[in-house]
Amino acid sequence: MRSLFNTMTNSKPLLLLAFASIFMACEKSGDIQTYEENEWLSGGSQTVFIDGNGAYSQSFPILDAAKQQVHDIGDLGFESSFVTAPAPLHSGLGPVFNNVSCISCHIGDGRGKPPLPGESLQSLLIRISIPGFDAHGGPMPVPGFGGQLQQRAVNGAMPEAEVQMVLNYITGYFADGNSYQLTEPEFIIQNSYMPMPANMMFSPRVAPPVFGLGLLEAVSAEDVLQYADENDKNSDGISGKPNYVYNAVTGTMDLGRFGWKAGQPNVKQQSAGAYNEDMGITNPIYSNESCELQPQHDNLNDDKELTDSLLHAVAFYLQTLAVPARRNADNPEVLEGKNLFMYSGCGSCHRPSMTTQMNMAFPEISNQRIFPYTDMLVHDMGAGLADLRPEFRADGFEWRTPPLWGIGLTKVVNGHTNFLHDGRARSLAEAILWHGGEAATSQQKFVNMTEDERKKLIKFLESL
Amino acid sequence: MKNLNQLIAASILVLTLVSCNKDDNNDDHVAAVTDQQVMNEFANTVAYGAYKELSTATQNMHQDIIAFQTNPTAAGLTTCQADWKAVRKTWEQTEAFLFGPAATENIDPRIDTWPVNFVDLETIISSTDVLDETYINALDDALKGFHPAEYLLFGLNGTKTYQDFTPRELEFLTALTLNLKNLTGQLSQGWNPAVSNSFYHDFTTAGNGSTVFPSKQSAFEEMVNAMSGICDEVANGKMGEPFVAQDPSLEESPYSKNSITDFTNNIKGVQNVYLGKFNADGYGLEDMVRTHHLALDTEIKQKIANAISSLNAVTDPFGEAIISQPTQVQNAIDAINALQAIIDDELLPFVQEHIN
């Protein structure tokens, strides 16, 4: 079976036939009601068959040579460490920043992790705002600090503040009497370079994995909107709300797709925002330093520090990172786990599959059946996870359903299993247990499961 | 990272092969070496062996720099520069298996980032900041690790003499190498079989309780993909990028003029993994391949030898060679690409076929 997995990529008719016969044979036994054809090919034909440290870092297997070259240029850009201006190479870091390169937060194109108590922030950052909205309906920047807290600065400039994290422990019980413990981080912002307003809101965000983004971007807005049910007309307790966010290039309000609250409309703008805020690199979309009008500003006339072509290449690199294939997708326990996942209503938001729209200009992402396990909508996740900081239409309780594809490889790629927006969940089970709000019913179903059922559900998630 | 088209094509080939031999599940060959032996030898002899040596070499460098700081002499500088090259030799060899703590604990970027941020570096040197371990730890990646140490030890043009060192530079070098010593120590402990939760155990229990590697096959794939990954990095990143751009400022180790040696050690690292060898020679992939497919073994060894000899043919420092010896540079890139191709197209399918 394993060697078959490794070959199921291009639509070789012979292989499909072989696959189909296995599929039918299994169907007879009646244990795969939720089994969907080709579902191990999480990224459609842009699925790769590598389950090691490099699982998130593979380019699309089908990509023409010219596009591959752009991908490779973007790959280098993604890894480049910026340094203080003026410098001959990768100039323009900061003056205030969170990290020095894309890859230093998105290690292995994967997931960042929260600091341990006492550690400094590495791959987690803090978004900030004050009540109200900016001119485009986005978060209102904090005077003197902007929309993101930069806790690092180049030599001679003042970091905006220091961030400390302490953990609180919460004990809970499964219905079968077994106990569990959750950790709730508390972030303390101190030693700010100037007083911070008392009404400042803040939202910790861990770096999310960055593969498969081109495929998610290629799903039509109409397809995403069909999952929306803002006022819960079907009374299933799940609303599903599209975020509409400012497109800084076209000036329009577009469907938000990326970021923990779906605050960015596309990969390029998301990347440009990260260059600007996370690294202090001015670019064609965000051409002012993140510390504009602050005393840290370097007053150098070197903006933009990133060319349009390099920004494009990095965005293209992200758009063409392939999705790792599932492992053990046909394992009976995994299939039982999937049944439990669907039965518990997890799939109402973590939608198993979507199809990307036709795109003659970019056939590599066109018309692909993908299995991202998201609806790209924002949902009320309850008070436990609330950051109480709105972002466009997403309120202080709402978060975007994060895709689950590839999540089972987090350990091998990133060496940890910390999940959720601030990495507080130390395992997949803890991540489920934190679900509240619209997901409270599903969470309760998980709590009520037998230990064996919980194991199968987790095994299913680990197969993604 | 790289394109797996060829790999997929090769896997399809393997499938065809496998389906022809359906009844022959029990291989007639008797393996001289077990999967587990190869995994253990890799983790212990190659990975832990190399990281342990790296850690020791870094400690030596730190000690010698302290001695040089106390008493700067021409001989002292020569020793420190040789120490730096010795540390690099081992580190570059370990780059053939950049998974585990070096990757997941983000140690690689903290010790091996270039280019050096010499604007800030000069600012730090002229400041009165206390250069202790906490301070160095908090520095950006481009201000710590091998390359700032290289910049300080060799100077911008590689012509630094012992009289050129300021007390502040020496203080900074001492602090930098202390940090390197700590981080390489962490790497060594991260693979130490005697440390109960080390990555050594994650690797050697693959398919047998490991939370990282669900199967032995996945551990073997990790090894082989890492070998392929460093070939790609050397041919298309470290060499290809400066060569295509004809830009010496993109060179990895320009101050010490050590880049070609670095690249050669990367390929020697591939050889180490393949042979299961680091100082001591243990069971390696070689032993499995030789048992089942002697021609492939010969071919892999030939490709490794070609890659190393074509790198040796680049005789100018790499930053100059990209302009003065374009043929030799291109030949070396081609030879390393050919090595990567056989790893991707033949060695990977081989381990996928032979290891479950």
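We name chains A, B, ... by the order of the sequence lines, and we start the count at 1 in each one. Keep in mind that what you see is a predicted model, and the values were worked out from it rather than measured.
Within the model, atoms CG of B:Asn117 and NE2 of A:His90 stand 11.5 Å from one another, a figure rounded to the nearest 0.5 Å. Taking CD from B:Glu105 and NZ from A:Lys113, the interatomic distance works out to 4.0 Å, rounded to the nearest 0.5 Å. Atom CZ of A:Arg327 sits about 13.0 Å away from atom CD of B:Gln217, to the nearest 0.5 Å.
Heavy-atom contacts from other residues, nucleotides or ligands closer than 6.0 Å to CG of A:Asn191 number more than 12. Other residues, nucleotides and ligands contribute only 12 or fewer heavy atoms inside 6.0 Å of the CD atom of A:Gln69. No more than 12 heavy atoms of other residues, nucleotides or ligands shown are found within 6.0 angstrom of NZ on A:Lys455.
Neither the backbone nor the side chain of A:Ala55 comes within contact range of chain B; no heavy atom of the residue lies under 4.5 Å from a heavy atom of that chain. No part of A:Ser120 comes within reach of chain B, as not one of its non-hydrogen atoms sits under 4.5 angstrom from that chain. With a threshold of 4.5 angstrom between heavy atoms, A:Val154 approaches chain B through its backbone and through its side chain. The contact between B:Phe118 and chain A is made entirely by side chain atoms (from C-beta outward), counting heavy-atom distances below 4.5 Å. No part of A:Tyr56 comes within reach of chain B, as not one of its non-hydrogen atoms sits under 4.5 angstrom from that chain.
The side chain to side chain contact (heavy atoms under 4.5 Å, CB included) test with B:Asn106 singles out one residue from A:Ile103, A:Ile107, A:Asn414, and that residue is A:Ile107.
Using a 4.5 Å heavy-atom cut-off against chain A, the contacting residues of residues 119-127 of chain B are B:Val119, B:Asp120, B:Thr123, B:Ile124. Residues of residues 134-150 of chain B lying under 4.5 angstrom from chain A, judged on non-hydrogen atoms, are B:Tyr135, B:Ala138, B:Leu139, B:Asp140, B:Asp141, B:Ala142 in numerical order.
Of all non-hydrogen atoms in B:Thr113 and A:Ser81, the two that sit nearest each other are CG2-OG, 3.4 Å. Across all non-hydrogen atoms, the minimal contact from B:Pro115 to A:Leu89 is CG-CD2, 3.8 Å.
Interface check for chain A: of the options B:Asp247, B:Leu250, B:Asn236, the most heavy-atom pairs under 4.5 Å are formed by B:Leu250. The most heavy-atom pairs under 4.5 Å with chain B, out of A:Phe97, A:Phe82, A:Phe78, come from A:Phe97.
For the pair B:Asn225 and A:Ile50, the minimum side-chain heavy-atom distance is below 4.5 Å.
Looking only at distances, a side-chain donor or acceptor of B:Glu222 sits under 3.5 Å from a matching main-chain atom of A:Asn53.
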